[in-house]
K.L.:
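My questions all concern the structure below.
We name chains A, B, ... by the order of the sequence lines, and we start the count at 1 in each one. Values below: every heavy atom of this structure, side chains too, minus hydrogens, waters and symmetry copies.
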Amino acid sequence: MAETPPSMVFPVRDYDLASTLSCGQAFRWEHVGAATFLSPRAAEDVARASSPAGSWGVSLQVRSSGETPPEPAAGTAALRGSWEGVIGSRWVRQTANGEGIVAETAQSAGDWSWLTEYLQTGVDMAAVLASFPDDEPMRAATAACRGLRLLRQEPWECLASFILSSTKQIVQIRQIIAQLCERFGEPVAVPPGHAPAFAFPSAARLADCTEAELRDCKMGFRAPNLRRAARSVAARELDLERLRLLPADEAREALLRIHGVGPKVANCVLLFAYGFQSAFPVDVWVLKALRQLYFPRRRPTPQRLRAFTATHFGPNAGFAQQYLFHYIRLTAKQSHDRPI
DNA sequence: TACCAGGAGAGCG
DNA sequence: CGCTCTCATGGT
């Protein structure tokens, strides 16, 4: 008898799975629309607590000073449907229902700590939100992006991904990484009949690639940077695990020594892989948000801006940054969809 | 068609 | 420090 594929329900509130998996922290999650489930049990898990969209995540306490009643943030992706991807060497499908997240794998899932760690389901969002500055921009951002979370990713995949991210649109980063995984990643177990899936290629594997092979994945001038980083990790000149033990500033220094890693990419890795909550990546979008929301009339010098981001947003500045990032992109999209 | 994208590095004043 | 130019590719 074939045993039923593993599935599990994680009860968690204030978790917008769609926004979190698609907002540009990680680049491999695919939305698959209506879920087709491996097992009746998983389908049951999803259906059991399924509820109308409006009642999802209602427990959150943040709202913009007595204005709108709590309802799903405008612009967030549909609650229905699933997200498929690979974490480490495990294929996984995730579906949000009314009470939490239903996860399915293709093979033994062990104790699922690999998934709860990745999703950071144990984070107390009320505490995080309470630590944000009480100003209008943050009120607006947290109200619009309710349930947005930070993932905790594997350092090499995160570093490599963000080396590839510079001056690229998110859709394009996804394409590059998809090709990289398909060509150089180890295949992982998938459900019967499912399209093949691949792990993110190891540093050792990418270190063996020629620059031309990497350029074939359309990464352009980023190819030599990725290759050098891969060789450095593979040769144990750079120990990414060691960085976990360091203070944030020392870990940042180590990352900045990598060719192709500047302040923005270093902060992304500090935040998305190592969980240094103070890291505050400033990309073109966050820069736009900061100027528009906090410095509407004058143009702050880079130095002034650095001082501001280092002090204004508190101990969870990185979290605040992700809310600003998502918020400014939502409003940009909306104004594009429906010009005034 | 132009402009821009989750930048970084090198050269310059 | 702050400015500018280049790098490769494709989306909007």
Side-chain angles (χ1 to χ4, degrees), chain A residues 19-29 141 145 148-151 153 157-180 209-229 232 252-273 276 279-293 295 298-310 313 317-339:
Chain A
S19 294
T20 301
L21 296 181
S22 68
C23 73
Q25 302 180 55
F27 302 98
R28 300 196 60 200
W29 293 102
C145 308
L148 182 63
R149 300 287 193 124
L150 289 178
L151 300 171
Q153 303 178 53
E157 174 170 350
C158 188
L159 171 63
S161 295
F162 279 96
I163 284 176
L164 297 175
S165 75
S166 73
T167 31
K168 279 290 179 195
Q169 298 182 142
I170 290 175
V171 281
Q172 217 169 336
I173 301 167
R174 293 171 55 85
Q175 290 169 5
I176 295 169
I177 292 175
Q179 285 200 51
L180 200 62
C209 289
T210 65
E211 186 180 319
E213 286 179 311
L214 296 179
R215 280 184 184 264
D216 263 355
C217 299
K218 309 303 179 187
M219 65 184 71
F221 60 85
R222 302 157 194 83
N225 293 338
L226 178 61
R227 186 163 178 272
R228 284 174 64 175
S232 177
R252 182 182 291 105
E253 273 184 51
L255 291 169
L256 288 173
R257 284 185 218 117
I258 304 167
H259 201 84
V261 176
K264 190 271 174 182
V265 170
N267 281 325
C268 281
V269 177
L270 290 177
L271 186 60
F272 301 144
F276 288 108
F280 196 101
V282 178
D283 72 317
V284 290
W285 288 100
V286 172
L287 183 61
K288 181 188 296 189
L290 291 172
R291 282 181 178 161
Q292 189 173 309
L293 300 173
F295 303 91
R298 60 199 191 283
R299 226 183 122 104
T301 64
Q303 190 178 198
R304 170 80 182 101
L305 211 54
R306 278 194 297 274
F308 181 73
T309 59
F313 294 99
F319 236 119
Q321 174 273 161
Q322 198 60 21
Y323 273 79
L324 290 175
F325 176 76
H326 197 52
Y327 176 61
I328 196 72
R329 284 169 56 89
L330 282 179
T331 59
K333 179 177 294 188
Q334 283 165 9
S335 69
H336 180 267
D337 290 347
R338 190 163 52 87

K.L.:
Tell me, do A/R299 and A/F295 make a side-chain contact under 4.5 Å, heavy atoms counted?
P.N.:
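Of all side-chain heavy-atom pairs linking A/F295 with A/R299, none is under 4.5 Å.
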K.L.:
Do the rings of A/F280 and A/F313 sit parallel, tilted or perpendicular, given the 30° and 60° boundaries?
P.N.:
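Correct class here is parallel.
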K.L.:
If you round to the nearest 0.5 Å, how far is NZ of A/K288 from CG of A/D283?
P.N.:
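Output value for this atom pair is 10.0 Å.
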K.L.:
Return the set of residues passing ring pair (Phe, Tyr, Trp, His ring centres under 6.0 Å) with A/F276 (not counting sequence neighbours), or none when no residue passes.
P.N.:
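Scan of A/F276 (ring pair (Phe, Tyr, Trp, His ring centres under 6.0 Å), adjacent residues dropped) gives none.
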K.L.:
Roughly how far, to the nearest 0.5 Å, is SG of A/C268 from CZ of A/F162?
P.N.:
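Atom-to-atom, A/F162:CZ and A/C268:SG are 4.5 Å apart.
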K.L.:
Would you mind telling me which residue lines up with the more 5' stretch of DNA chain C, A/K218 or A/R304, judged by nearest nucleotide?
P.N.:
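Per heavy-atom nearest nucleotide, the more 5' residue is A/R304.
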K.L.:
Looking for any heavy atom pair under 4.0 Å, which part of the strands does A/R306 touch: base, sugar-phosphate only, or nothing?
P.N.:
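Touches sugar-phosphate only.
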K.L.:
In whole Å, measure the gap between the C1' atoms of C/dG10 and B/dT1 for me.
P.N.:
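Looking at atom C1' only, C/dG10 and B/dT1 are 14 Å apart.
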K.L.:
Between A/N225 and A/I258, is any pair of side-chain heavy atoms under 4.5 Å apart?
P.N.:
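A/N225 does not reach A/I258 side chain to side chain.
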K.L.:
Between C/dC3 and B/dG6, how far apart are the C1' atoms? Round to whole Å, please.
P.N.:
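Straight-line distance between the two C1' atoms is 22 Å.
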K.L.:
On a whole-Å scale, what distance lies between the P atoms belonging to C/dT12 and B/dG7?
P.N.:
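Taking atom P in both C/dT12 and B/dG7, they lie 16 Å apart.
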K.L.:
Using a cut-off of 4.0 Å between protein heavy atoms and nucleotide atoms, how would you tag nucleotides 4-13 of chain B 5' to 3' with B, S and -?
P.N.:
-BBBSSS---
K.L.:
Any side-chain heavy-atom pair from A/H326 and A/Q322 closer than 4.5 angstrom?
P.N.:
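No - every pair of side-chain heavy atoms lies 4.5 Å or more apart.
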K.L.:
First and last nucleotide of DNA chain C in contact with chain A, 5' to 3', at under 4.0 Å to a heavy atom: what are they?
P.N.:
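Span of nucleotides near chain A: C/dG2 to C/dG11.
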K.L.:
If we only count heavy atoms from C-beta on, is the A/V265 to A/L255 side-chain gap below 4.5 Å?
P.N.:
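Heavy-atom side-chain distance check fails, nothing below 4.5 Å.
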